[in-house]
> 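Here it is, the structure in full.
Sequence lines set the chain letters: A, B, ... in the order given, protein chains first and strands last, and positions in each chain run from 1.
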2 protein chains.
Amino acid sequence: MLQLASLAALGCALPAKSHPDTRVDSREFLAPRTVIFREGFDAVPQLRLTDGCVALSRSLSDGRRQIIDIVGPGRLIGLVFGEHNRTTAETLTYCQIEPARELGLAEFRGAVNEMVLRVESHAILLGRKTAPERVASAILDLADQFARPRAKRKGTTTFNLYLTRGEMADWLGLTVETVSRCFQRFRRAGLVGFTDPQIVTLLQPTVLQAIAAGRRQFDNSNNL
Amino acid sequence: MLQLASLAALGCALPAKSHPDTRVDSREFLAPRTVIFREGFDAVPQLRLTDGCVALSRSLSDGRRQIIDIVGPGRLIGLVFGEHNRTTAETLTYCQIEPARELGLAEFRGAVNEMVLRVESHAILLGRKTAPERVASAILDLADQFARPRAKRKGTTTFNLYLTRGEMADWLGLTVETVSRCFQRFRRAGLVGFTDPQIVTLLQPTVLQAIAAGRRQFDNSNNL
DNA sequence: CGTACGATTGAGCGTAGTCAATAGCTGTGG
DNA sequence: CCACAGCTATTGACTACGCTCAATCGTACG
């Protein structure tokens, strides 16, 4: 029960009752690994993710998959400008979503800007960063999206890494094994801590930031 | 003079007079390798590329560069939704640009959709495709954007590959050498033809499409 | 209790990167 | 006119990062 206890401690998006069909607050909870909409299908109305974690992905015909973005609470999914969904959206946790109310122009521009900015940053990551740089970037991004503000204010940030190693791999353009090895290297170097593979603590965020940004002097130091 | 003759034959964006400061049609021609706007600087008004080829890129602090998109005639550059430019825009040829007139909603949505679609497709390419798959995808994309319609209607498509091997590498997340090797493999396999490295003819577009899409059976066949 | 799945770890391999040399072309200046 | 520098492309030899394959462990679940 470590898993569940940890989830609760971190404020994971678990429903009051654990049955996935439970409705809370007259809103629907979606179970983990539920497809919200699928790439290529008719566009779905804009949604706002109230709680949980969603992966947006695209696949090649032979099954190779690339997760384009990981979306945390508050952000929009299904920003579609054409007739069809560009990506598949899949929940990674219990999720609460609601139809996005009409957006003001400024808010809309902000949401579009954030989305494009993130995809473009991810393109640099995929095209030009090494495996440890990618994993460090990912850990920091997820901490930023999913660590509770209260936890962040204290010295050490701990958060739930909703993604499996396989999903991290599909996000970062790596394999499961490489992601796992990078995590272990970071742990041995004292940069992050975890007992359960999903519950991660940032121990040296500054060093992680340096690695994520590609400042190479940190690669060989810190007994990596 | 092969270079210049070929450029002219393909309708490259050369000014009537070769001096870069020449003005034609009361519009400005920008010389190749001119920076139009720079990443992080104050946002520039929307521009339409009338003629030529522009690269949008971002860089890491140590100089590693990722070209996010290659823009051909008719498309917009400087679709900015925030206060600062997300990317650097640099001409790769003589270019003609003009302020984009006010866009209708439908047109705007279309432009945004195309932009996001392209970046997301590029993310799959960077994260999940092999080097030959990337190069094949790039060749087809550039043929689509830069081959003249007249040339396309005939059996064989020939076009000017405005990018150097180095720029291809920065676009595809590879190195100069790997790009060059892929081009040579494709040439030996009879998929593309070129004497000048910039002037490329598609000889077996169907096979290139299959490789670009990642249908693996084509990798070992066709004496690659 | 058995099956399934995720994570980890090791051994070996292969794709793409690094380093280096060369050729070809362009533009410059003596 | 030629020598030279600078740049792009190509090619070869070697390296190494990350992938593949395989085995093991722990936990969840029916």
> Salt bridge or not between B:Arg33 and B:Glu167? Use side-chain N to carboxylate O under 4.0 Å.
yes
> Considering heavy-atom distances to DNA chain C, does A:Phe183 or B:Lys129 have its closest nucleotide positioned more toward the 5' end?
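Result: A:Phe183.
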> Counting side-chain heavy atoms from CB outward, which of D:dC19, D:dT10, D:dA9 is closest to A:Thr175?
D:dC19
> Test for a donor-acceptor pair under 3.5 Å between the base of D:dT20 and the side chain of A:Arg181, counting only N and O atoms.
yes
> Please determine, for the side chain of A:Pro132, which listed nucleotide (C:dA16, D:dT11, D:dG18) has the closest atom?
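Per side-chain heavy atoms of A:Pro132, the pick is D:dG18.
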> Would you mind telling me which of B:Asn85, B:Val71, B:Val44, B:Asp69 makes a side chain to side chain contact (heavy atoms under 4.5 Å, CB included) with B:Ile77?
B:Val71
> For a quick check under 3.5 Å, do A:Ser59 and B:Arg128 share a side-chain donor-acceptor pair by atom type?
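Distance-only check fails for A:Ser59 and B:Arg128.
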> Taking only N and O in the side chain of A:Ser180, is any of them less than 4.0 Å away from OP1 or OP2 of C:dT8?
yes
> Take atom CE of A:Met168 and atom C1' of C:dA7, then tell me their distance rounded to the nearest Å.
13 Å
> From the set C:dT8, C:dT18, D:dA9, return the single nucleotide nearest to any side-chain atom of A:Val176.
C:dT8
> Checking the side chain of B:Arg134 only, and the main-chain atoms of B:Lys129 only, is there a donor and an acceptor separated by less than 3.5 Å?
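A pair under 3.5 Å: yes.
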> State, to 0.1 Å, how close A:Val54 and A:Ala89 come at their nearest heavy-atom pair, and which atoms those are.
CG1-CB, 4.1 Å
> Within less than 4.0 Å of OP1 or OP2 of D:dC19, is there a side-chain N or O belonging to A:Thr178?
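So the side-chain polar atoms of A:Thr178 do come within 4.0 Å of the phosphate oxygens OP1 or OP2 of D:dC19, strictly under.
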> Tell me what A:Gln184 touches on the nucleic acid: a base, only sugar-phosphate, or nothing, going by heavy atoms under 4.0 Å.
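Here A:Gln184 touches the backbone only, sparing every base.
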> Just the rounded figure in Å: distance from P of C:dT15 to CG of A:Leu174.
18 Å
> From CG of B:Leu126 over to P of C:dA16, roughly how many Å is that when rounded to an integer?
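Between P of C:dA16 and CG of B:Leu126: 13 Å.
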> Nearest-Å distance, CG (A:Leu163) to P (C:dG6)?
13 Å
> Could you check how far CD of B:Glu133 sits from P of C:dT15, rounded to whole Å?
12 Å
> Check the distance between C:dT8's C1' and A:Arg187's CZ and give it to me in whole angstrom.
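Checked: the CZ to C1' distance equals 10 Å.
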> For the pair made of CG in A:Asp170 and P in D:dC19, what is the distance, rounded to whole Å?
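Between P of D:dC19 and CG of A:Asp170: 11 Å.
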> Within the pair B:Gln198 and D:dT8, is there a side-chain N or O less than 4.0 Å away from OP1 or OP2?
no
> Take the protein atom CG of A:Leu172 and the nucleotide atom P of D:dC17, then report the distance between them rounded to whole Å.
18 Å
> Side chain of A:Arg165 only, heavy atoms from C-beta on: which candidate in D:dT11, C:dA16, C:dA7 is closest?
C:dA7
